[in-house]
Participant: 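The structure that follows is given in the form of structure tokens.
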Amino acid sequence: MAGSPPRPLLRRALEMIGEPAPGDLAIDLGCGEGRDSAELLGRGWRVLAIDAEAEAIDRLRRRADLTGTDRLETLAARFETADLPPCRLLNAAYALPFCPPGAFGAVWDRCAGAIEPGGLFVGQLFGERDGWAAQPDVTAHRRGALDALLSQFIIEHLQEEERDGADALGYAKHWHIFHLIARKRDG
Ligand SMILES: C[S@@+](CC[C@H](N)C(=O)[O-])C[C@H]1O[C@@H](n2cnc3c(N)ncnc32)[C@H](O)[C@@H]1O
């Protein structure tokens, strides 16, 4: 099974950051079936793919389109406890909103701390009007809160999306999403 194609936001970020230097690490946090990990490997990155679900890691490793597996490390662990080594790119595609609010601050600080100066954060956060925002295990943000969250970063791309649609299972859902690419400041 080749699986889904990479997320457009990751592709945009990869155009911004250019080719990795030998040994450059990308963390794919909440990697799921590995659509973005496969792209990162294909472009020559060393990849640490992390997901709470062992089944997701298995599906990633079984992808037919996986290349450069000597550069792939996988970890079945939760964001809240996973060790995040220094990285040049941290990709969290539709993943960090599924961190409970009480843990989000510490998880975010560890993500931000892991990204090397000049490196990129790539991912989605939910806005306050997202249909899942009130769920106890979901963290959502107001637009106004993003500047403080991103104080160590320069915002390279921020797109706010709000629409009625469907979730992955086809149930009606209101989406309120921030698509974010942010570059870690030098000092
Ligand atoms: C919506 S999926 C996105 C998967 C993938 N990044 C993509 O774009 O297709 C969210 C993923 O985050 C993982 N996840 C959710 N909460 C997590 C947590 N606290 N720690 C680690 N992974 C988590 C889920 O297992 C799931 O694979």
Side-chain angles (χ1 to χ4, degrees), residues 1-99 107-126 150 152-159 161 168 177-186:
M1 180 189 79
S4 310
R7 300 277 182 190
L9 190 70
L10 176 68
R11 280 197 164 137
R12 181 188 279 253
L14 290 175
E15 296 309 319
M16 278 181 195
I17 202 164
E19 289 188 8
D24 272 356
L25 178 69
I27 296 177
D28 191 8
L29 202 57
C31 61
E33 65 169 20
R35 58 198 294 178
D36 286 346
S37 291
E39 178 73 5
L40 288 159
L41 288 168
R43 297 209 193 197
W45 289 82
R46 200 157 59 84
V47 175
L48 171 59
I50 302 174
D51 202 285
E53 300 294 334
E55 169 65 17
I57 302 288
D58 286 348
R59 291 177 70 173
L60 156 62
R61 287 210 171 262
R62 286 201 304 267
R63 289 182 73 99
D65 59 351
L66 218 52
T67 56
T69 48
D70 57 315
R71 285 179 273 107
L72 173 64
E73 193 184 332
T74 53
L75 183 63
R78 296 187 61 83
F79 315 138
E80 296 89 323
T81 51
D83 190 27
L84 302 180
C87 61
R88 185 150 170 71
L89 189 151
L90 191 146
N91 182 59
Y94 293 89
L96 284 178
F98 301 105
C99 183
V107 169
W108 177 258
D109 286 349
R110 284 172 43 249
C111 289
I115 300 169
E116 293 165 349
L120 292 183
F121 171 82
V122 191
Q124 284 79 14
L125 298 174
F126 283 171
L150 294 165
Q152 298 179 64
F153 292 83
I154 297 161
I155 297 176
E156 299 279 4
H157 172 84
L158 175 56
Q159 182 209 345
E161 179 185 2
I177 305 170
F178 298 109
H179 302 272
L180 182 62
I181 301 174
R183 190 179 295 275
K184 182 90 175 277
R185 291 181 193 278
D186 281 337

Participant: Test side chain to side chain contact (heavy atoms under 4.5 Å, CB included) on I27 and L89 and set out the steps.
Facilitator: CA-CA 6 Å; I27 296 177; L89 189 151; over 6 Å; no

Participant: In Å and rounded to the nearest 0.5 Å, what is the CH2 to CZ distance from W45 to R71?
Facilitator: 11.5 Å

Participant: Between CD of E73 and CZ of R46, what distance do you get to the nearest 0.5 Å?
Facilitator: 8.0 Å

Participant: Less than 4.5 Å apart, any side-chain heavy atom of N91 and any of L29?
Facilitator: no

Participant: Under 6.0 Å between ring centres, would you say that holds for F98 and F126?
Facilitator: yes

Participant: For A76, does its backbone N or O pair with a side-chain atom of D51 as donor and acceptor, under 3.5 Å?
Facilitator: no

Participant: Could you check whether any side-chain heavy atom of R61 comes within less than 4.5 Å of a side-chain heavy atom of L72, counting everything from C-beta outward?
Facilitator: yes

Participant: Using side-chain heavy atoms (C-beta onward) and a distance below 4.5 Å, is Q124 in contact with L180?
Facilitator: no

Participant: Does the pair D36/R7 count as a salt bridge with the N-to-O cut at 4.0 Å?
Facilitator: no

Participant: With heavy-atom distances below 4.5 Å as the criterion, would you say the side chains of R35 and P5 are in contact?
Facilitator: yes

Participant: Report the distance from atom CG of L66 to atom CG of L41, rounding to the nearest 0.5 Å.
Facilitator: 5.5 Å

Participant: So, taking the atom named CE in M16 and the one named CZ in R183, what distance separates them when rounded to the nearest 0.5 Å?
Facilitator: 7.5 Å

Participant: For side chain to side chain contact (heavy atoms under 4.5 Å, CB included), just list the numbers for I57 and I50, CA-CA rounded to whole Å, side-chain angles, deciding distance to a tenth of an Å, and then say yes or no.
Facilitator: CA-CA 8 Å; I57 302 288; I50 302 174; over 6 Å; no

Participant: Going by heavy atoms in the side chains, are L90 and V122 under 4.5 Å from each other?
Facilitator: no

Participant: CG of L10 to CD1 of I181: how many Å apart, nearest 0.5 Å?
Facilitator: 8.5 Å

Participant: Checking R78 side chain against A52 main chain: does a donor-acceptor pair fall under 3.5 Å?
Facilitator: no

Participant: Start with the C-alpha gap between R185 and I154, add the side-chain angles, then the distance that decides, and say whether side chain to side chain contact (heavy atoms under 4.5 Å, CB included) holds.
Facilitator: CA-CA 6 Å; R185 291 181 193 278; I154 297 161; 3.5 Å; yes

Participant: Output side-chain donor-acceptor pairs under 3.5 Å for residues 107-121, partner residues at least two apart or in another chain, one line each.
Facilitator:
residue: W108; atom: NE1; partner: L149; partner atom: O; Å: 3.0
residue: R110; atom: NH1; partner: F79; partner atom: O; Å: 3.2
residue: R110; atom: NH2; partner: F79; partner atom: O; Å: 3.4
residue: R110; atom: NH2; partner: A82; partner atom: O; Å: 2.1

Participant: Output the distance between atom NE2 (H179) and atom CG (L125), rounded to the nearest 0.5 Å.
Facilitator: 10.5 Å

Participant: Taking D28 for the side chain and S37 for the main chain, is one N or O donor matched with an acceptor at less than 3.5 Å?
Facilitator: yes

Participant: Check whether any side-chain heavy atom of L48 sits under 4.5 Å from a side-chain heavy atom of P85, and report yes or no.
Facilitator: yes

Participant: Using side chain to side chain donor-acceptor pair (under 3.5 Å) as the criterion, list what pairs up with R43, not counting sequence neighbours.
Facilitator: E15, E39

